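Before any comments, here is the structure.
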Amino acid sequence: MDQFNYRDGRLHCEEVAVEEIAAAAGTPVYIYSAATITDHYRKLVAAFKRVDPLICYSIKSCSNLSILRLLADLGAGMDVVSGGELFRAGLAKVHGHRIVYAGVGKTDEEIIEAIDYSPDGSTRHGIRLFNIESEAEFENIASLARARGVICEATLRVNPDVDPKTHVYTTTGKKETKFGVDLERARAFFRKYGRNEHCRLTAIHLHIGSPVYTVEPYIEAVKRALALIDEIAAEGFKVTALNLGGGFGADYTSSQSPLAADYASAIVPLLQGHVDRGLKIILEPGRSIIANAGILLTRVQYLKKSGQRHFVIIDGGMHTLIRPALYGSFHFIWPARVARMHVPAKREQEMDLPGLDLCDVVGPICESSDFLAKDRRLPPLVRGDLLAVFSAGAYGMVMASHYNSHPLPAEVLVSGSRATTVRSRETYDDLVGREREATLLLGREED
Ligand code: LLP
């Protein structure tokens with residue numbers, strides 16, 4: 001599952017005690033395990049080997065450059081959704097042929113950056129595929145490509161109308177979401193745009209939601225996508241790639257998620273025939289690679305009783321990890337140093353161990369939504385203890401904010417017995433650097 005384990009009651013990331021990272025880097029700090037990232041990536045490659053997919057890591061899940069470089073070195077492509085993510089892919093030297101670009105609201109500037117993309121600043125590669133979400137976007141990309149005298153390739157994002165049974169905020173594959181076009185419209189889309197010379201419509205994309213903890217929604221979505229590909233082919237349009245998006249689960253509690261091999265054994269047999277006839281498969285995993293590869297390490301500031309409730313007030317909160325506040329997500333939380341009887345054999349919502357206290361784990365932000373856990377049973381804590389928030393690698397740091405003017409945390413990447421700062425802790429100067437000088441934008445000084 002991951003390389004965060006207790007040794008003699010002390011939490012380690014690979015070979016390094018996280019207490020030592022806190023002493024050297026301060027808290028709150030995100031800590032990632034390179035071996036876990038590598039292991040998760042390789043397991044996906046191995047599981048889907050028979051269809052040899054292009055695995056485009058979803059940068060949005062955790063965009064730290066060193067992590068992108070690690071994955072790029074392992075052979076991963078990248079799924080980007082903004083000019084900023086494309087810029088990061090460039091710094092990680094990802095070849096354009098391994099980049100797909102999703103997102104419903106690409107601006108003209110972003111589209112041109114993608115058309116002109118080059119990882120080394122020399123020859124223009126462009127990216128492999130634009131994932132198109134609407135007729136208006138197709139027309140815009142085609143006209144920008146024509147104006148620049150290039151041909152780009154595009155994927156139509158379809159909405160297979162399956163229910164991934166996940167949080168409503170991260171459900172994307174149902175008919176009523178803003179993403180993609182429904183299957184009926186997809187056929188008309190190909191008839192209308194399938195012969196465009198500047199933007200060649202050659203692929204189908206879908207992403208049903210995130211996280212998806214059962215394989216059935218994928219089976220249904222893949223069946224519908226393949227049927228669509230066959231129907232489109234019958235009308236003379238060749239679809240050469242199918243992008244299945246991301247959404248594979250992660251273990252927020254022990255063994256919660258199907259393994260890469262489980263998803264693959266449900267999906268691969270459906271794809272095999274089409275792959276044998278030349279269809280390229282693309283995957284866009286984020287969470288399944290990075291969620292369990294990261295923790296957020298925080299320090300207990302105060303303990304407080306209010307009525308019947310016990311509050312553990314830590315130096316992380318909704319500004320460092322917003323998932324509990326935004327989605328009601330569960331993250332396992334446990335001290336970095338525990339007595340032998342409190343070494344967790346499993347990460348569960350209800351820990352069945354003696355001597356635990358019921359508490360709410362909250363942050364310093366001035367909002368009642370600022371909590372990381374409610375009604376959680378934890379070993380006894382004192383001020384100054386370190387608390388680890390597990391499975392925080394995905395949608396953790398990337399969704400962190402400066403709310404209440406807290407500088408962003410540091411990020412540390414561990415590999416074996418080495419720990420490297422891959423993003424230094426922000427300073428107060430970082431908070432105000434762009435505000436120090438006000439510059440006249442419109443009007444005259446004397447007005
Ligand atoms: N591809 C597309 C088109 C997506 O929209 C997403 C995620 C992915 C791939 C990657 O999905 P993954 O493999 O990571 O599940 N902030 C939320 C999750 C939002 C997911 C957005 N799209 C959370 O914290 O749960």
Side-chain angles (χ1 to χ4, degrees), residues 30 37 40-41 43-44 47-48 53-63 67 71 76-82 85 99-106 129-133 137 155-160 164-174 177-181 203-214 217-218 221 225 242-252 256-258 260 263 267 281-294 296 318 320-331 372 389-401:
Y30 275 92
I37 296 170
H40 288 172
Y41 176 75
K43 282 195 171 126
L44 269 171
F48 284 87
L54 171 61
I55 299 183
C56 292
Y57 170 68
S58 197
I59 293 186
K60 68 173 83 65
S61 60
C62 179
S63 61
I67 289 173
L71 283 160
M78 302 283 155
D79 151 40
V80 307
V81 292
S82 69
E85 289 191 354
I99 296 178
V100 295
Y101 196 150
V104 292
K106 304 173 195 79
L129 285 163
F130 283 98
N131 295 348
I132 305 250
E133 305 252 4
E137 189 192 4
T155 316
L156 177 62
R157 177 161 179 180
V158 298
N159 196 323
K165 304 212 163 38
T166 191
H167 194 282
V168 60
Y169 286 2
T170 54
T171 294
T172 48
K174 286 183 76 183
T177 67
K178 70 174 178 182
F179 300 99
V181 303
I204 294 288
H205 175 235
L206 55 89
H207 169 78
I208 50 181
S210 166
V212 183
Y213 281 114
T214 52
Y218 283 102
L242 172 61
N243 182 338
L244 297 176
F248 297 159
D251 286 333
Y252 291 93
Q256 179 185 8
S257 177
Y263 289 107
I267 298 170
I281 303 300
I282 301 172
L283 301 175
E284 298 173 336
R287 188 191 311 269
S288 54
I289 292 175
I290 197 70
N292 288 106
L296 169 65
M318 66 186 294
T320 32
L321 179 66
I322 201 175
R323 302 190 72 255
L326 189 57
Y327 314 114
S329 308
F330 173 85
H331 284 264
L372 291 184
V389 184
F390 289 77
S391 319
Y395 308 104
M397 182 66 173
V398 283
M399 294 178 82
S401 77

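Indexing begins at 1, ligand by ligand and atom by atom, following the structure's order. It should be emphasised that the depicted structure is a prediction, and the values quoted were computed from it without experimental measurement. Values reported hereafter were calculated over all heavy atoms of this structure, with side chains retained and with hydrogens, waters and symmetry mates removed.
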Mind checking what makes side-chain hydrogen bond (donor to acceptor under 3.5 Å, both in side chains) contact with Ser61, not counting sequence neighbours?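 Testing Ser61 for side-chain hydrogen bond (donor to acceptor under 3.5 Å, both in side chains), a comparison that skips the adjacent residues, returns Tyr57.
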What heavy-atom pair brings Gly396 and Leu321 nearest, and what distance separates the two atoms?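 Smallest heavy-atom distance, with atoms named: CA-CD1, 3.7 Å.
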Sub-3.5 Å pairs, protein N or O with ligand 1 N or O:
unit_1	atom_1	unit_2	atom_2	d
ligand 1	1 (N)	Glu284	OE1	2.6
ligand 1	13 (O)	Gly247	N	2.9
ligand 1	13 (O)	Gly286	N	2.8
ligand 1	14 (O)	Arg287	N	2.8
ligand 1	14 (O)	Tyr395	OH	2.6
ligand 1	15 (O)	Ser210	OG	2.5
ligand 1	15 (O)	Gly247	N	3.2
ligand 1	16 (N)	Tyr327	OH	2.7
ligand 1	24 (O)	Arg323	NE	2.6
ligand 1	25 (O)	Arg287	NH1	3.2
ligand 1	25 (O)	Arg287	NH2	2.8
ligand 1	25 (O)	Arg323	NE	3.4
ligand 1	25 (O)	Arg323	NH2	2.9

Any sub-3.5 Å donor-acceptor pair from Asp251's side-chain atoms to Gln256's backbone N or O?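 Side chain of Asp251 to backbone of Gln256, a donor-acceptor pair under 3.5 Å: yes, one is there.
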Which label fits Tyr263 and Tyr218: parallel for a plane angle under 30°, tilted from 30 to 60°, or perpendicular past 60°?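 Rings of Tyr263 and Tyr218: perpendicular, over 60°.
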Output, in order, the C-alpha distance, side-chain angles, deciding distance and verdict of salt bridge (Lys or Arg N to Asp or Glu O under 4.0 Å) for Lys60 and Glu85. CA-CA 8 Å; Lys60 68 173 83 65; Glu85 289 191 354; 5.8 Å; no
Would His331 and Tyr252 count as a close aromatic pair, with their ring centres under 6.0 Å? yes
